[in-house]
Amino acid sequence: GDGWKTPHAEVDAKRGGKIRIGYSNNDGTQSFEFGALIGEYNSPTRLAYYLQDGDSIDTNNRLVTYDLSESEGITHLRLEFDVEQINDKELQRKGWTEHIDNLSELLG
């Protein structure tokens with residue numbers, strides 16, 4: 001959202017696999033990388049991973065879970081994440097919501 005893009009993304013889709021996703025603004029003056037360790041991967045219904053904390057990725061870090069279900073031909077997504085203490089809770093909610101909104105737009 002708001003002009004951010006994803007210049008690279010790598011996902012080793014298995015339990016114990018790692019996730020690395022790069023983000024940058026449109027002119028490239030701001031960027032960061034997101035990392036995580038997959039704790040649970042039950043395709044196609046559940047993905048759970050632990051977010052990176054500095055250089056460390058382990059099961060003591062913040063947990064994010066995605067659960068997919070189907071009802072009457074419609075796929076439903078439930079996303080839960082542990083709130084971190086650095087950024088405002090509503091800013092975090094906005095960022096995660098933009099991820100889902102962008103996914104919805106992409107999948108049409």
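Because only heavy atoms are used, hydrogens play no part in the values below, and waters and symmetry mates are left out as well, while side chains stay in.
- Of all the heavy atoms in Gly22 and Pro7, the pair that sits closest is O-CD, 3.1 Å.
- Distance check, rounded to the nearest 0.5 Å: OH of Tyr50 to CD1 of Ile38 gives 12.0 Å.
- The OG atom of Ser71 sits 4.5 Å away from atom NE2 of His76, with the distance rounded to the nearest 0.5 Å.
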Take Lys5 and Asn26 through the side chain to side chain contact (heavy atoms under 4.5 Å, CB included) test and state the conclusion after the steps.
-> CA-CA 7 Å; Lys5 57 186 175 180; Asn26 279 334; 4.1 Å; yes
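- Asp67 meets the salt bridge (charged side-chain N to carboxylate O under 4.0 Å, His left out) test with Arg46; sequence neighbours excluded.
- With Arg20 contributing its side chain and Glu10 its backbone, the two residues share no donor-acceptor pair below 3.5 Å.
- Within the 3.5 Å criterion, the main-chain N or O of Phe34 finds no donor-acceptor partner in the side chain of Gln52.
- Ile86 and Trp96 fall into different hydrophobic clusters, where Ile, Leu, Val, Met, Phe, Trp and Tyr are joined by side-chain heavy atoms under 4.5 Å apart, directly or via other members.
- Qualifying side chain to side chain contact (heavy atoms under 4.5 Å, CB included) partners for Leu77, counting only residues two or more places apart in sequence or in other chains: Tyr66, Leu68, Ile100.
- The distance from atom CG of Asn25 to atom CG of Asp27, rounded to the nearest 0.5 Å, is 4.5 Å.
- Leu51 and Leu91 fall into different hydrophobic clusters, where Ile, Leu, Val, Met, Phe, Trp and Tyr residues are linked whenever their side-chain heavy atoms come under 4.5 Å apart, directly or through other members.
- Here the CD atom belonging to Gln92 is positioned 10.0 Å from the CG atom belonging to Asp82, to the nearest 0.5 angstrom.
- Connection of Leu79 to Ile74 is not established within any shared hydrophobic cluster, with ILVMFWY side chains joined at heavy-atom distances below 4.5 Å, either directly or through further cluster members.
- In this structure, the separation between OG on Ser43 and NZ on Lys14 is 15.0 Å, given to the nearest 0.5 Å.
- Tyr49 contributes atom OH, which lies 12.0 Å from atom CG of Leu37 (distance to the nearest 0.5 angstrom).
- Proximity of a side-chain donor or acceptor of Asn42 to a complementary backbone N or O of Thr45 within less than 3.5 Å is not detected.
- Other residues, nucleotides and ligands contribute at most 12 non-hydrogen atoms within 6.0 Å of the OH atom of Tyr41.
- Glu90 places no side-chain N or O within 3.5 Å of a backbone atom of Arg93 that could act as its donor or acceptor partner.
- Using a distance-only test at 3.5 Å, with no hydrogens or angles considered, no donor-acceptor pair links the side chain of Asp12 to the main chain of Lys18.
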